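Notes follow once the structure below has been shown.
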Amino acid sequence: MNLNFLNESQKQAVQQVDGPIMILAGAGSGKTRTLVARIQYLLEEKNISPYQILAVTFSNKAAREMRERLASSTSFNIGTLQVTTFHSFCAKVLRAESSYLGLSKNFTIYDDSETNSIIKAILNKRGISQKEISPFMISEFIDEVKNLGYFQGTSNTEEFSQFKSETLYWDIFLEYESELHRSNAVDFGGLITGVINLFHNYPEVLEKYQNKFKYVLVDEYQDTNRAQFHLITSIAQKLKNITVVGDEDQSIYSWRGADIRNILDFEQIYPEAKIIKLEQNYRSSKKIIEAASEVISKNFARKGKKMWTNNNDGNDILVVECRDDKSESDYIGKRIRELVLEGVSLKDIAVFYRNNSQSRMIEDVLRKEKFPYRVVAGIKFYDRKEIKDILAYMRVVINKKDSLALTRIINTPARGVGPTSLRKLEDEAVRLNVSLYEIIEKISSQPQEYKYLNLSAKVLSAISQLVQLITETQLLEQDKITPIFSYEKLLNESGYLDFLKTDKSYEGMARLENLDELSSALKQFEESTVEPTLEKFLEEITLDSNTSQENGVVDEISLMTVHGSKGLEYPYVFLIAAEDNIFPSYKSLESGSSAIEEERRLFYVAMTRAMKELVITFSQARMLWGSLKFNGPSQFIYEIPSKYYRWIQHQSIGHKHSSEKFENYDFDQTTNSYDDFGSEKVYQRKVTPSLIRSNYPTGSKIKHSLYGEGTVLDSEGSGDEEKVTILFKDGIRKKFMVKFAPLQKV
DNA sequence: GTTGCGCAGATTTTT
DNA sequence: TCTGCGCAAC
């Protein structure tokens, strides 16, 4: 196998076959290329069979990409090669070994919203109002416990004593777990912990997998949580042929449980580990790479890599100071227009923002300019009500114990089984210790035996019709009739389709269209799957929410959050709203340095997506949460040495760093256009000049007659409405109405 | 079932 | 300022 297309460290990463290896791969360093070459090398040069290799990544997107690249670069049959996500790998193991854990192999996978319903139901049952304990807090708690790898087994309990001391939460957690178990369901975290549990309690099962997978590779290692770490290290324990690839500087999901210890501990667990750094960047211009390196070097929590590139210097980074959000989007529109005139295609342009809400103003301007664009992510297709409804039908067909799905559909569309009847059925199920479905099954086959429940004739006929529909569809599934047939049967005979058709509103039409889209997803699934079943379809869509939209085929501008941009690259990148309190977020500013470091990594990720041109914009004034905010430029902008950027002002007021600007500027003169680029566009937003004035801009020093000297942290509103947050010398933080507070400028 | 009021809260979201 | 929600009332 010819490895000449690789550089020296990449070659090393490919040829170092045995033993533990940690590859620290910087942004744009050819990580996937190396990983693919490594697998190819194992297959072609070391005669490893495809089924002996396990390659796990975090996202389906990454797994798909790796699979495709492998398929095109090797002649081996990679069908048996496991290139999957953690979650689908675990689902597969759990289905294969379900009997060990008292699950049946057709278990349902609950996503976050289903999980949330379970929690709400538990709180409700316990008479705890959601104001006392928010379901969100419980789900955070559960996530945390599972991310750390808790399982209900014989050991690993001491580690979790701090959680157990939260007795109420722990209690709810246990009830939640048994509720899931009763429903023959597993949540996302439970997929991982379930396998850990299995391996821990049944060493013979673990050994089977240890022998099977001679080589284990983990991609995006910086994003793994503790549970996933336990999982892969236990599989690799015997042969220790484990390769992890990651970049601590791109770790941006710690709030989802990603644990930096996984990188730091690796060498401790495997003292013999080889550490290989991929530091040459092939993606970006020199200026971009050097600037990004400077920014990330401010972090302490890192192993330290020094990125470099042979690429050209390239253009200066542009830092654009705008008057407000309106003029910021105006600038973006204008710059994109220029790029297009230069012949740049739209698919080479991306706009990144810290928060989803910031996409709107960009969308507005792009629509106005008639540039096609695509907002990546947004609302998940499968989260829509109508989709969830019909999927719930499918879930009941596959897994009768899925009572959550059953309660969802039992009266959807309305068939007269209201809350009272449902309550009766549920109570009866509890009394007889059977599932909800079993109850309605029993009642519909022998209604006279359940006369004491006093169910109306309407209810009786409704549930027996539902049971009949489910039973018939189950038979179809058993006979391996194509899923689309079952889907249409459910849709028609449940009355759901007719129900939707009665809704003539715009939303109603959209719902029907969404169902069409679902059915084409089903068709596509049938075509691409060897033995398509409803069961497989359900798993695929819960574990892969991606609605298979192609990337780079259509010529349109991409809009996404910075998080969403990870792993992608674009020649022209705009990073907007780069202001303190937004990026870094106000929450991270409140919570301290490790949170700021994560924001800095995020900023680094954003910068390193850009190949040729990076434009960072911010606004002096921005409408946020009901009042005008003067946030000032992101502190990260100041971490870029000025030799790498050109500072531009667009319709802006005053000069440079906005903390100074509002003081010395005569706003009454600033009526219309401040376009220093000579655009014909006239500044239109009606902000009366007096409204924009801030007497105490962020960063300015003041003196308070009671508290002494301090610094303005935040300023909102203006004129008589102006409020400022001040941090005093002794660390006290206070908020004042400027109108009343005894403040003095220093 | 649907409407409407009041109130909190308002990052990021690979699975 | 805007939205999403839980809950109460029709």
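Worth knowing before you read on, the calculation uses all heavy atoms, side chains too, and leaves out hydrogens, waters and symmetry mates. None of the values given here were measured: they were computed from a predicted structure. Chain letters run A, B, ... following the sequence lines, proteins first and then strands; every chain starts at 1.
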Spacing of A:D111 atom CG relative to B:dT14 atom P, expressed in whole Å: 12 Å

Atom C1', compared across C:dT3 and B:dT14: separation rounded to whole Å: 26 Å

Could you walk me through whether A:K146 and A:E177 pass salt bridge (charged side-chain N to carboxylate O under 4.0 Å, His left out), step by step? CA-CA 11 Å; A:K146 292 196 174 185; A:E177 287 290 274; 2.7 Å; yes

In whole angstrom, give me the gap between the P atoms of C:dC2 and B:dT13. 23 Å

Rounded to whole angstroms, how far apart are NE2 on A:H87 and C1' on B:dT13? 12 Å

Return yes if the base of B:dT14 and the side-chain atoms of A:R256 contain a donor-acceptor N/O pair under 3.5 Å, otherwise no. no

Note: A:E639-A:K298 ion pair, threshold 4.0 Å (strictly below): no

Here the distance between atom C1' of B:dT15 and atom CD of A:E539, to the nearest Å, is 12 Å

For A:S88 and for A:P419, find the nucleotide of DNA chain B with the closest heavy atom, then tell me which residue's nucleotide is more 5'. A:P419

Taken in chain and number order and not counting sequence neighbours, the residues that satisfy ring-ring contact (aromatic ring centres under 6.0 Å, His included) with A:F199 are A:Y209

Syn if the chi torsion is within 90° of 0, anti otherwise; quick check, which is B:dT12? anti

Base, sugar-phosphate, or nothing for A:A62, non-hydrogen atoms under 4.0 angstrom? nothing

What is the nucleic acid contact for A:D112, judged by heavy atoms within less than 4.0 Å: base, sugar-phosphate only, or nothing? base

A:L543 vs A:L191 side-chain heavy atoms within contact, under 4.5 Å: yes

Tell me the interatomic distance from A:E140, atom CD, to B:dT13, atom P, rounded to whole angstroms. 15 Å

Option among A:F583, A:F352, A:F603, A:W255 that satisfies the ring-ring contact (aromatic ring centres under 6.0 Å, His included) test with A:H563: A:W255

Charged N to carboxylate O under 4.0 angstrom, A:R69 versus A:E65? yes

Could you go over nucleotides 3-6 of chain C and give all protein N or O partners under 3.5 Å, atom names and distances?
{"from": "C:dG6", "atom 1": "OP2", "to": "A:K120", "atom 2": "NZ", "distance (Å)": "3.3"}

Is the Lys NZ or Arg CZ of A:R226 less than 6.0 Å from the centre of A:F229's six-membered ring, within 45° of the axis? yes

Between A:R601 and A:E598, does a salt bridge (charged side-chain N to carboxylate O under 4.0 Å, His left out) hold up when you go through it step by step? CA-CA 5 Å; A:R601 290 193 289 270; A:E598 179 142 326; 3.1 Å; yes

If you find the nucleotide of DNA chain B closest to A:V562 and the one closest to A:G416, which residue's nucleotide is nearer the 5' end? A:G416

Is any NZ, NE, NH1 or NH2 atom of the basic residue among A:K566 and A:D223 found under 4.0 Å from an Asp or Glu carboxylate oxygen of the other? yes

For the pair made of CD in A:E114 and P in B:dT15, what is the distance, rounded to whole Å? 16 Å

So if I define the base as every atom that isn't primed, P, OP1 or OP2, how would nucleotides 2-12 of chain B read as a B/S/- string at a heavy-atom cutoff under 4.0 Å? --------BBB

Rounded distance in Å - CD (A:E144) to P (B:dT15): 22 Å

What verdict does the side-chain contact (heavy atoms from CB on, under 4.5 Å) test give for A:T84 and A:V56, after you've listed the backbone C-alpha separation in whole Å, the side-chain angles of each residue and the deciding distance to 0.1 Å? CA-CA 5 Å; A:T84 51; A:V56 276; 4.3 Å; yes

Nearest whole Å is fine: how far is B:dT14 P from A:I109 CD1? 16 Å

B:dT14 phosphate, OP1 or OP2: any side-chain N/O from A:N60 under 4.0 angstrom? no

